[in-house]
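These notes are about the structure you will find just below.
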Amino acid sequence: MPQHFYLTTPIYYPNAPPHLGSAYTTTYADTLVRYHRARGEETLFLTGTDEHGEKIAQAAEAEGLTPQQFVDRISPQFNATWQELGLTPNRFIRTTDDDHIRATQHFWQQLQERGEIEFKDYTGSYCVGCEVFLTERELVDGKCPQHLVEPEERTESNYFFRMSSHLDWWIDELRRNPELVTPNRFRNEALALLESGALGDLCISRPRERLEWGIPLPFDEKFVLYVWCDALVNYLTGAGYPDQDGWKERWGTVHHLTAKDILKPHAIFWPTMLHAAGLPLYRGLHVHGYWNLGSQKISKSLGNLVDALAVKDKYGFDALRYYMLRELPFGLDGEFSEEAVVARYNADLANDLGNLLSRSLGMVGRYCDGEVPEPVGEGGDLRAAAERAASEVDDAIEAFSLRDALIALWGLVSAANKYIDRQAPWKLAREPAERERLQTVLYEILEALRVIAVLVEPFLPEAGPRILAALGAAPHEGTLSRDLAWGQLSPGSATRPGEPLFPRIESE
Ligand code: ME8
């Protein structure tokens with residue numbers, strides 16, 4: 001039976017169109033899923049939009065639309081942007097989808113029946129931007145640290161999830177299982193919050209007289225669910241919960257990808273909700289940092305957006321992916337800059353990889369009539385370098401670190417470039433006695449390029465197949481382990497150099 005891999009992104013609020021931040025998480029997920037798919041695994045990749053709640057209702061009102069009209073206008077822009085960016089989710093979920101509404105009501109009905117919910121009064125500081133009550137400790141100078149506004153004081157009679165009775169269990173799990181929340185700094189952050197004693201029960205409802213736009217509580221129609229209690233359940237809906245065949249198998253392999261802004265719902269609310277429902281935990285929550293612009297988080301509320309599509313249109317699909325995945329160490333923040341996009345492109349894509357391909361094919365053209373040469377005997381150390389890179393890429397993927405995967409892969413690109421310099425095929429070509437050696441050296445270089453093409457495809461889905469075509473290799477259809485086996489290029493087949501892979505970008 002093939003292994004399963006289920007990966008989710010946050011479902012984004014459609015209160016503004018997508019931007020570089022949401023494009024980053026979704027591209028990151030896309031790359032991981034492409035790699036797992038190439039390994040022959042059964043993959044499920046879920047993204048979508050989070051359409052209920054106060055924030056959306058307010059944005060709709062400001063435009064003179066009903067919430068449904070409003071989300072029907074913006075949500076498709078997310079789906080369209082992901083398609084234009086070549087991203088490959090299996091499902092684009094909307095929290096207004098019928099199956100999600102059913103799954104959510106089923107989930108909360110279960111919690112009610114298990115005695116996990118109580119009705120009581122609550123007064124607190126509520127941030128409309130976050131759609132949560134914040135504790136005193138979370139405020140910075142009396143303001144929400146994310147939205148930089150003072151929260152409103154609110155009292156309400158509401159339903160509460162008895163989250164506090166699951167916190168000790170969760171602290172214990174988190175302490176024992178470092179892989180549950182990565183990188184480690186975010187596990188520590190979650191533990192610090194859990195151990196601070198600041199957490200209590202979770203308010204899960206909003207009175208309908210105040211907020212109509214939400215999923216009705218299955219056991220009291222006078223209330224709608226607090227948007228996070230509906231949104232988080234999307235991950236279960238995507239697996240087919242509660243009644244589709246195979247949902248438990250899919251659920252059992254789930255990993256979530258988010259930025260650090262939504263650590264609390266994902267690292268506190270969600271695991272305790274799952275535990276209360278008697279469902280298995282996620283396998284891993286993987287948390288990345290922010291893309292900043294002018295040292296401030298790129299965000300819809302701050303309005304300092306970078307349009308990912310515009311970057312893609314200007315520099316190309318692979319250039320955008322490469323920049324995002326290579327530049328930001330997973331878990332840390334980074335500053336977006338167009339100069340850095342160009343610098344990365346010119347150094348790594350045009351110089352290192354693009355030149356490797358063109359100089360190699362140039363020599364095959366000059367010395368071997370453009371045909372893959374027949375190797376004779378053993379080559380050099382490139383095969384070992386290729387095997388090492390493949391294994392390092394695999395380890396980095398397991399650790400959800402795409403930057404480390406690219407660094408390992410570029411180690412092979414660099415090894416191949418150095419091999420050419422050291423072996424100097426142009427000198428071998430001048431000595432008839434070195435003919436066999438020349439053939440072997442060139443074959444090794446082409447094989448290294450083939451391995452690079454196979455490994456790079458999940459990261460650079462356009463360049464990978466182009467390199468294979470230029471080498472005269474068939475597009476790979478097998479699984480990664482088969483495609484990576486050394487020595488698959490057929491001697492005598494014609495190479496097809498074509499246009500430069502990544503022409504240099506000259507500065508304006
Ligand atoms: O929070 N840098 O939706 P949201 C990196 N609906 N990533 C960024 C980013 C930035 N500057 N800005 C946004 C919500 N993101 C909820 C989620 S999930 C059940 C519900 C990305 O539209 C990043 O993935 O505010 C972040 O976690 C997400 O967008 C927040 O999206």
Side-chain angles (χ1 to χ4, degrees), residues 7-30 32 46-56 59 71 74-75 77-78 81-82 87 93-96 100 103-104 107 127-132 144 146-147 186 214-215 225-239 254-271 273-274 282 285-308 323-325 327-337 400:
L7 185 63
T8 70
T9 72
I11 44 171
Y12 306 106
Y13 289 124
N15 57 346
H19 57 86
L20 189 87
S22 42
Y24 173 68
T25 319
T26 318
T27 302
Y28 208 96
D30 182 70
L32 286 160
L46 184 73
T47 190
T49 43
D50 183 0
E51 306 191 354
H52 293 119
E54 217 154 333
K55 201 184 318 209
I56 299 293
V71 294
I74 311 244
S75 172
Q77 292 181 24
F78 277 81
T81 300
W82 303 152
L87 309 182
I93 192 170
R94 299 181 56 180
T95 53
T96 47
H100 174 69
T104 305
F107 181 87
C127 172
V128 178
C130 297
E131 313 222 29
V132 285
C144 162
Q146 284 216 31
H147 296 93
F186 295 114
I215 298 183
L225 271 168
Y226 161 45
V227 64
W228 272 104
C229 296
D230 138 17
L232 289 161
V233 179
N234 94 86
Y235 302 137
L236 281 169
T237 313
V254 70
H255 287 265
H256 302 308
L257 201 61
T258 74
K260 62 186 181 181
D261 50 349
I262 48 179
L263 182 70
K264 186 175 169 186
H266 285 84
I268 312 274
F269 303 170
W270 186 223
M273 279 161 58
L274 288 167
Y282 47 69
L285 167 66
H286 310 279
V287 185
H288 64 74
Y290 294 151
W291 282 102
N292 294 332
L293 191 64
S295 306
Q296 277 214 307
K297 180 192 176 197
I298 295 176
S299 99
K300 287 177 279 204
S301 22
L302 299 176
N304 58 342
L305 301 182
V306 173
D307 180 0
Y323 169 74
M324 292 194 293
L325 302 177
E327 196 74 8
L328 198 62
F330 194 78
L332 301 184
D333 297 349
E335 178 77 19
F336 173 81
S337 105
F400 281 69

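Atoms within a ligand are numbered from 1 in the order they appear, just like the ligands themselves. Below, all heavy atoms of this structure are taken into account, side chains as well, without hydrogens, waters or symmetry copies.
- For Trp291 and Tyr24, the ring centers are positioned less than 6.0 Å apart.
- Separation of the His286 and His255 ring centroids falls under the 6.0 Å cut-off.
- Residues passing the side chain to side chain donor-acceptor pair (under 3.5 Å) test with His100 are Thr104, Asp230, Thr237, sequence neighbours excluded.
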Anything under 3.5 Å between an N or O on ligand 1 and a protein N or O? List each pair with its distance, or write none.
residue: ligand 1; atom: 2 (N); partner: Trp291; partner atom: N; Å: 2.9
residue: ligand 1; atom: 6 (N); partner: Ile11; partner atom: O; Å: 2.8
residue: ligand 1; atom: 6 (N); partner: Asp50; partner atom: OD2; Å: 2.7
residue: ligand 1; atom: 7 (N); partner: Gly21; partner atom: O; Å: 3.4
residue: ligand 1; atom: 11 (N); partner: Trp291; partner atom: O; Å: 3.0
residue: ligand 1; atom: 11 (N); partner: Ile298; partner atom: O; Å: 2.8
residue: ligand 1; atom: 12 (N); partner: Ile298; partner atom: O; Å: 3.4
residue: ligand 1; atom: 22 (O); partner: Tyr13; partner atom: N; Å: 2.9
residue: ligand 1; atom: 22 (O); partner: Lys300; partner atom: NZ; Å: 2.5
residue: ligand 1; atom: 24 (O); partner: Thr25; partner atom: OG1; Å: 2.7
residue: ligand 1; atom: 27 (O); partner: Ala259; partner atom: N; Å: 3.1
residue: ligand 1; atom: 27 (O); partner: Asp261; partner atom: OD1; Å: 2.8

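- Within the cation-pi definition used here (under 6.0 Å to the ring centroid, within 45° of the axis), Lys260 qualifies as a partner of Tyr290.
- Ring to ring, Phe336 and Tyr323 are close: their centroids are under 6.0 angstrom apart.
- A donor-acceptor contact under 3.5 angstrom links the side chains of Glu51 and Thr96, judged on distance only.
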